[in-house]
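A quick write-up on the structure given underneath.
Each chain gets a letter, A, B and so on, in the order its sequence line appears, and its residues count up from 1.
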Amino acid sequence: MSSEDQLQVLVLDIYSQIKGTPLELELFKQAQIISQNPLLRSSELKQTVIETLSKKEHGTQLKNTVYKYLQKRPAVPHPKAGPEHLKEPLTYIRKAQSNWDKRIVKSLNSMCTELGVPLARKRSEKDQKEVIVHWGELGTAAPDLSAFRPVYAPKDFLEVLVGLRNPNAHSGEPSSFSSLWGIIQVPLRIRSIMELRLRFNEMSINQCQTGVDDNPDIPPELFDNDRSKLAKKVLNNKHSPLSQEFLKKGAPPGVRAELWKQTLGVDVDQIDQLYYEQLKSYVVQHDLLVDSLIYKDVKLTATNDDQYFVFEDYIYQVLFPFSRDTQVLDHFKHSSANPPKSYIRGKLGVEEFAVHYPPNGVIPFHGFAMYVAPLCYIYDDPVVLYYVFRELYMRYFFRLHQISSHPQSIVSLCLLFESLLQSQEPQLFLHLKTIQAQPLRIAFKWLIRAFSGYLDSEQVLLLWDRVLAYNSLEILAVLAVAIFSFRKTNLLQVGTASAAEGVLADITTLKVVPLIQLSLFST
Amino acid sequence: MATQGQPRLKYACDLDKSVLVNNFDRRGWIQVSPDEDWNFYWASVQSIRNVFSVENGYRLCDDQVINHFPNHYELTRKDLMVKNIKRYRKDLEREGSPFAEKDELGRHIHLDFFPTTFMLPADYNLFVEEFRKNPSTTWIMKPCGKARGIGIFLINRLSQLKKWSRDSKTNTFTAPSAKDTYVIGKYIDNPLLIGGKKFDLRLYVLVTSFRPLKCYMLKLGFCRFCTVKYNADVTDLDNMFVHLTNVSIQKHGAEYNAVHGGKWTVANLRLFLEGTRGKEVTDKLFDEMNWMTVHSLKAVSNVMANDRHCFECYGYDILIDDNLKPYLIEVNASPSLTSTTSSDRIMKYNLISDLINIVIPPEGTPDVRWNKTPSKEAMGNFDLLYDEELAQSDLLNQDARSKLGMTGPGLRGARDPKLQSKATWK
Ligand SMILES: Nc1ncnc2c1ncn2[C@@H]1O[C@H](COP(=O)(O)OP(=O)(O)O)[C@@H](O)[C@H]1O
Ligand SMILES: [Mg+2]
């Protein structure tokens with residue numbers, strides 16, 4: 001494909017996203033109004049329409065839509081590559097993910113058989129009414145969950161990652177890409193510390209940051225006041241790239257909600273409201289096995305968490321509709337995974353009778369609810385909460401539990417963590433390795449949950465500010481390394497793996513921004 | 001350890017609470033009985049009466065401190081607190097103080113911080129008058145001498161109060177005993193809900209002197225959540241799991257969670273409110289809570305026996321309504337030191353530790369002649385809420401203040417920059 005053709009494909013793809021939306025209608029209407037100007041010469045028509053539109057509010061909206069598309073767009077594959085390359089270019093990784101997919105489905109199916117519960121069941125009229133009445137307090141309506149267990153835990157998934165091997169690499173010969181001492185042994189390209197410094201340049205120590213310089217002990221005249229003023233300007237401008245840039249230094253808590261929405265291009269309109277209502281009605285109509293898994297997960301995590309227990313019911317209001325949302329399937333276009341399939345009774349294996357199960361293609365694992373929990377501190381309208389979560393999931397979080405060679409996949413993050421730690425703290429790494437406390441075995445749970453539930457909630461939000469700002473999850477690995485460095489003295493004193501875990505068991509008192517700054521920029 | 005090289009004090013303690021004893025032990029203090037010579041006495045409110053009773057004739061020495069003021073009940077008994085604050089309001093009105101400013105409807109702008117309250121049976125007639133103005137209002141009845149939610153009930157009909165009416169009083173020909181005295185307050189039926197549940201705040205306030213007033217607020221207060229969703233439905237008025245936030249009540253609920261005990265930190269509340277409602281209204285709320293604490297203490301500062309040996313740590317109960325207006329519900333003289341969860345234990349241990357650092361001078365031995373001005377480091381998790389002495393010296397230094405026409409106590413002494421810069425009455 002020539003670059004011209006590629007552009008053409010891109011434009012068509014973007015257009016397909018806008019087609020039929022109120023935005024398209026509005027743009028069309030305005031274009032008509034402009035073109036009706038009798039003084040306009042036809043040779044100037046196109047130019048004038050474009051120029052005038054781009055200055056208007058809907059022009060900004062269009063730009064934001066294109067920007068949102070580009071943020072999520074996968075790398076353009078090699079012209080000769082097949083469609084599966086768009087999902088995952090490396091065959092052995094594709095295979096590994098496919099095996100993992102199968103394993104999860106199998107485990108889900110055997111749970112069905114064991115417990116004698118169907119994957120999906122239509123609710124009786126009476127039960128439907130119950131769900132409607134208790135929509136705001138679904139926590140109290142939970143079924144007996146004692147027989148359920150999470151389909152998998154982060155630990156199980158880590159084992160799979162540890163077992164990954166590139167069949168083309170010569171065994172025993174250390175490749176320059178893979179870490180020497182770590183447990184992830186796949187050669188993927190990851191950033192060096194120098195590259196990270198450039199990438200996260202705005203976080204360098206000499207630059208003021210929200211999360212450090214807005215401390216109540218520091219007079220607000222020095223930083224906080226200006227920052228808040230600037231935030232207002234950014235919000236008034238309504239331009240996604242601008243708010244994203246602003247987030248590089250963190251969001252003041254009072255304007256985070258709007259900054260994130262603007263950056264993510266989430267703007268809940270009437271159609272979205274209706275769509276959510278529709279998802280809700282699907283929840284009312286059918287009882288899915290995944291609901292029990294979600295219940296179980298929330299009860300094991302958020303319900304017992306002194307930061308998040310108050311939000312228990314919000315999480316159900318997000319995750320139940322989420323599991324019914326077929327728009328979520330979109331993210332599989334550029335993900336290595338495939339949504340699990342199930343077949344209408346008696347038609348096993350017949351493609352025409354295949355349906356995705358759950359409808360959104362995502363089977364929750366132990367800790368999944370923690371992707372939602374911190375968001376409850378910024379959005380108390382469940383519908384807005386829903387769309388912000390969905391966008392975050394489809395942009396970032398899905399990468400944290402899928403095997404892929406993408407630079408932000410959990411595999412790359414693990415590798416980045418190990419190689420950074422090895423180059424920054426060789427003595428510490430060697431010590432931990434010697435006492436059989438492989439650092440990744442401790443850090444993995446942090447990474448897969450994007451630190452949610454491990455850090456103080458405010459710190460999680462400050463961290464996620466940077467994920468949005470840099471449109472990248474790499475900061476998670478950087479922080480994990482920073483935490484090891486920070487507790488280095490204590491870690492060097494311990495002699496067993498469990499003692500090492502003990503040193504890092506409670507990280508709720510840590511302040512993420514200064515830690516990242518120190519780790520990345522002090523030499 | 002902060003205590004190295006410090007004298008080993010002698011302490012007496014009435015309460016067998018690990019958060020206390022562990023603190024004393026860690027400092028290497030020596031336990032003695034309350035009858036012996038102690039330097040530091042953590043007494044129950046019952047013992048306090050004896051220590052300061054006239055018959056006892058006991059005189060405290062310069063190197064002795066104790067954890068209650070002799071007549072703390074002026075603040076911590078529900079009826080007396082209300083009486084004192086009402087009187088304080090009148091005094092300020094008479095003085096023409098700017099704090100006594102009222103809005104178009106005749107309501108106090110700065111001093112309207114507790115629900116309309118009456119004593120029963122003493123104020124029965126006044127109450128009936130008020131009740132008839134809005135007959136559909138719900139009221140909350142609380143026995144004056146009890147705590148932890150015991151004896152509290154909600155009413156919405158006058159007939160439910162027969163026992164306290166004038167008639168019944170004259171019938172029996174006896175004056176009501178203390179245990180039959182109640183306060184009846186307007187029930188705040190639009191509390192701020194989070195996750196659909198009602199909660200109130202428990203804030204810890206340390207007072208080391210009433211004249212001049214010196215008080216500190218602990219940063220680590222918490223919200224106490226109900227285990228059941230809130231509803232203002234009148235048919236549910238007797239469900240205490242819906243209406244009372246006391247941990248002692250909630251822990252008997254079927255939904256009680258022992259891991260977090262329904263406790264959520266004030267820092268989390270602030271983060272949530274800033275995130276969902278914005279910084280301005282959140283700052284205003286916290287500002288108002290600080291001010292109402294100071295006002296409640298000023299209201300009793302003249303009646304309180306300001307014994308120099310005393311300090312006291314109060315547990316403030318505050319309720320926030322859905323317009324983010326805070327209400328002072330009551331002040332406890334002995335906030336619970338029982339730990340319901342592990343983070344609760346850590347918090348309370350640190351509370352006592354910080355408290356000791358504030359009330360004991362840097363040299364390590366109690367000394368009533370000390371000016372009671374601890375260093376910033378010694379305050380730990382406490383913030384200085386208000387120091388009248390500092391306020392006064394501020395006042396002398398600030399000519400500009402007279403231009404504002406401020407009379408009465410200058411409440412600007414707080415070194416807490418938040419209280420200073422964002423005071424809403426400026
Ligand atoms: N006026 C009121 N409006 C709403 N709730 C109230 C009111 N007064 C008290 N409560 C609730 O009842 C609880 C107990 O009341 P409180 O005055 O603190 O008595 P106690 O000494 O028994 O703790 C409070 O923590 C609060 O949850
Ligand atoms: Mg109380």
Side-chain angles (χ1 to χ4, degrees), chain A residues 134-140 142 214 216-221 224-225 227-228 231 251-260 299-317 374-382 384-385 456-462 506 508-509, chain B residues 192-199 219 222-231 241 253-265 267-284 286 322 340-344 346-347 376 383 415-422:
Chain A
H134 292 292
W135 185 253
E137 46 183 329
L138 290 169
T140 55
D214 57 341
D217 290 337
I218 299 172
E221 299 81 48
D224 209 22
N225 288 352
R227 192 81 185 138
S228 300
V255 282
R256 180 175 280 124
E258 289 306 313
L259 284 169
W260 282 25
K299 297 276 179 198
L300 286 174
T301 56
T303 308
N304 287 322
D305 190 312
D306 60 5
Q307 301 194 69
Y308 301 118
F309 72 93
V310 300
F311 303 126
E312 177 182 344
D313 288 323
Y314 286 104
I315 300 177
Y316 301 126
Q317 288 174 53
L375 304 176
C376 299
Y377 275 98
I378 22 184
Y379 302 103
D380 61 350
D381 175 345
V384 181
L385 181 63
D456 180 58
S457 41
E458 183 171 13
Q459 299 301 314
V460 175
L461 296 174
L462 285 166
D506 182 3
T508 52
T509 53
Chain B
L192 175 65
L193 304 180
I194 297 180
K197 286 166 186 153
K198 175 176 171 175
F199 67 96
K219 289 189 196 93
F222 53 85
C223 309
R224 303 177 293 189
F225 275 82
C226 288
T227 50
V228 177
K229 293 262 153 163
Y230 183 75
N231 71 78
F241 295 128
E255 301 286 328
Y256 181 75
N257 180 307
V259 183
H260 49 69
K263 290 177 179 170
W264 204 48
T265 65
N268 279 332
L269 175 68
R270 187 184 254 283
L271 184 68
F272 171 77
L273 288 177
E274 278 192 19
T276 55
R277 307 239 183 166
K279 184 167 164 54
E280 227 162 278
V281 288
T282 307
D283 281 345
K284 178 164 174 284
F286 279 84
D322 59 4
T340 50
T341 66
S342 66
S343 44
D344 204 33
I346 296 168
M347 188 279 283
K376 181 108 181 73
D383 280 327
R415 281 191 296 187
D416 174 5
K418 275 209 204 76
L419 198 62
Q420 208 162 46
S421 59
K422 289 169 195 131

- Message: Rounded at 0.5 Å granularity, tell me how far CD in A/Glu458 sits from CD in B/Glu274.
- Response: 8.0 Å
- Query: Where do A/Gly136 and B/Lys229 come nearest, in terms of heavy atoms and distance?
  - Reply: O-NZ, 2.7 Å
- Item | Side-chain heavy-atom pair A/Leu461, B/Leu271 within 4.5 angstrom cut-off | yes
- Contacting moiety of A/Asp380, where chain B heavy atoms sit under 4.5 Å: both
- Task: Calculate, to the nearest 0.5 Å, the distance between atoms NE2 and OH belonging to B/His260 and A/Tyr308 respectively.
- Result: 13.5 Å
- Task: Identify which part of A/Asp305 has an atom lying under 4.5 Å from any heavy atom of chain B, answering side chain, backbone, both or neither.
- Result: backbone
- Note on the structure: Cut-off 4.5 Å, heavy atoms of chain A, and the answer for B/Asn257 is side chain
- Message: Strictly distance-based, threshold 3.5 Å: is any side-chain N or O of B/Lys279 a donor or acceptor partner for the main-chain N or O of A/Pro252?
- Response: no
- Message: Please find the pair of heavy atoms, one from A/Asp306 and one from B/Asn268, that lie closest to each other, and give the distance.
- Response: O-ND2, 4.1 Å
- Message: Over 60° means perpendicular and under 30° means parallel, so tell me whether B/Trp264 and A/Phe311 are parallel, tilted or perpendicular.
- Response: perpendicular
- Pick from A/Thr140, A/Asp381, A/Asp313, A/Asn304: which one has the most heavy-atom pairs with chain B under 4.5 Å? A/Asn304
- Item | Top of A/Ala257, A/Cys376, A/Gly254, A/Ser457 for chain B proximity - count of heavy-atom pairs under 4.5 angstrom | A/Gly254
- Item | Proximal component of A/Thr303, with respect to chain B [non-hydrogen, under 4.5 Å] | both
- Hey, what's the ring geometry for B/Phe272 with A/Tyr377, parallel, tilted or perpendicular (30° and 60° as the breaks)? perpendicular
- Query: Considering only heavy atoms, which portion of B/Thr265 lies under 4.5 Å from any heavy atom of chain A: side chain, backbone, both, or neither?
  - Reply: neither
